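Computed from a prediction, not measured in an experiment: that's the story for all the values here.
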Amino acid sequence: MPVFYKKKMNIHTHLCKNSETIVSPESIKQVFQEVINNAAEAIETSGIISVSSTNENKCMTICINDTGRGILPEHLSQVFEPYQSFNPKKSRGIGLFIAKKIIEDHNGTIKIESTYSQGTSVIITLPEHS
């Protein structure tokens, strides 16, 4: 289900080719939807969302960055908890919880780095298929 925003956003991509990572397409699609939706919600009126990936050390790393409002340092440790939302518009608060579960089910990791008032990075690492 697409989400539409009344803001000006640019999406930049730089994706690696030749990945040997095997994932459930529907599950990974849901992860990207949840993370990119959060990024879009964090952008006030205009900003940039960038999606990049690299392949090294037998892992694929996907980084989704936004130039949104960022997350306060005291909230970072709680972002993956269910029903936890720091969005002033009160989102459901389960998107990152679901994303983390899906990534862990694929034997991967997900982490968040953020600087308040500057933006957020979500880093997803998935192992290559051997």
Q: Taking all non-hydrogen atoms of both residues, which atom of F97 and which atom of F80 are closest, and how far apart?
A: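 In terms of heavy atoms, the two residues are closest at CD1-O, 3.4 Å.
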
Q: Treating S52 as the side-chain partner and L15 as the backbone partner, does any N or O pair qualify as donor plus acceptor under 3.5 Å?
A: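 Flag not set: sc S52 to bb L15 has no pair under 3.5 Å.
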
Q: Spell out, as yes or no, whether a donor-acceptor pair under 3.5 Å connects the side chain of S53 to the backbone of I62.
A: no

Q: Considering only heavy atoms from C-beta outward, does the side chain of D66 approach that of N38 to under 4.5 Å?
A: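 Result no, sub-4.5 Å side-chain heavy-atom pair not found.
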
Q: Mark yes or no for whether T125, through its side chain, and T61, through its backbone, hold a donor-acceptor pair below 3.5 Å.
A: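 No: the side chain of T125 does not pair with the backbone of T61.
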
Q: Is there a side-chain contact between P127 and K58 (heavy atoms, below 4.5 Å)?
A: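 No, every pair of side-chain atoms sits at 4.5 Å or beyond.
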
Q: Applying a strict under-4.5 Å side-chain criterion to I, L, V, M, F, W and Y, I'd like to know whether I124 and I98 cluster together.
A: yes

Q: Enumerate donor-acceptor pairs with a distance under 3.5 Å from any side-chain N or O in residues 105-113 to protein atoms, sequence neighbours excluded.
A:
from, atom 1, to, atom 2, distance (Å)
D105, OD1, K101, NZ, 3.0
H106, ND1, I102, O, 2.9
H106, NE2, S24, N, 3.0

Q: With rounding to the nearest 0.5 angstrom, report the CD1 to CD distance, I71 to Q78.
A: 11.0 Å

Q: If you round to the nearest 0.5 Å, how far is OG1 of T120 from CG of L76?
A: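 Here the rounded value is 7.5 Å.
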
Q: When you compare the side chain of S117 with that of R69, does any pair of heavy atoms fall below 4.5 Å?
A: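 Counting from C-beta outward, R69 and S117 never come under 4.5 Å.
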
Q: Which value, rounded to the nearest 0.5 Å, describes the distance between N37 atom CG and Q30 atom CD?
A: 11.5 Å

Q: May I ask you to decide if C59's main-chain N or O and N57's side chain share a donor-acceptor pair within less than 3.5 Å?
A: no

Q: How many angstroms lie between atom NZ of K100 and atom CD of E104, to the nearest 0.5 angstrom?
A: 4.5 Å

Q: Between atom CD1 of I49 and atom CD1 of I64, what is the distance when rounded to the nearest 0.5 Å?
A: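 It is 9.0 Å, given to the nearest 0.5 Å.
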
Q: What do you reckon, is NE2 of H14 surrounded by more than 12 foreign heavy atoms closer than 6.0 Å?
A: no

Q: Is there a side-chain contact between C63 and I123 (heavy atoms, below 4.5 Å)?
A: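 Of all side-chain heavy-atom pairs linking I123 with C63, at least one is under 4.5 Å.
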
Q: Looking at V35, V122, T13, N65, which one forms a side-chain contact (heavy atoms from CB on, under 4.5 Å) with V51?
A: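 Only one option passes, and that is T13.
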
Q: Report whether I48 and F32 are members of the same hydrophobic cluster (ILVMFWY, side-chain heavy atoms less than 4.5 Å apart, transitive linking).
A: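 Different clusters: I48 never reaches F32 through Ile, Leu, Val, Met, Phe, Trp or Tyr contacts under 4.5 Å.
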
Q: From S46 OG over to N10 CG, what is the distance, rounded to the nearest 0.5 angstrom?
A: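 S46 atom OG to N10 atom CG measures 8.5 Å (nearest 0.5 Å).
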
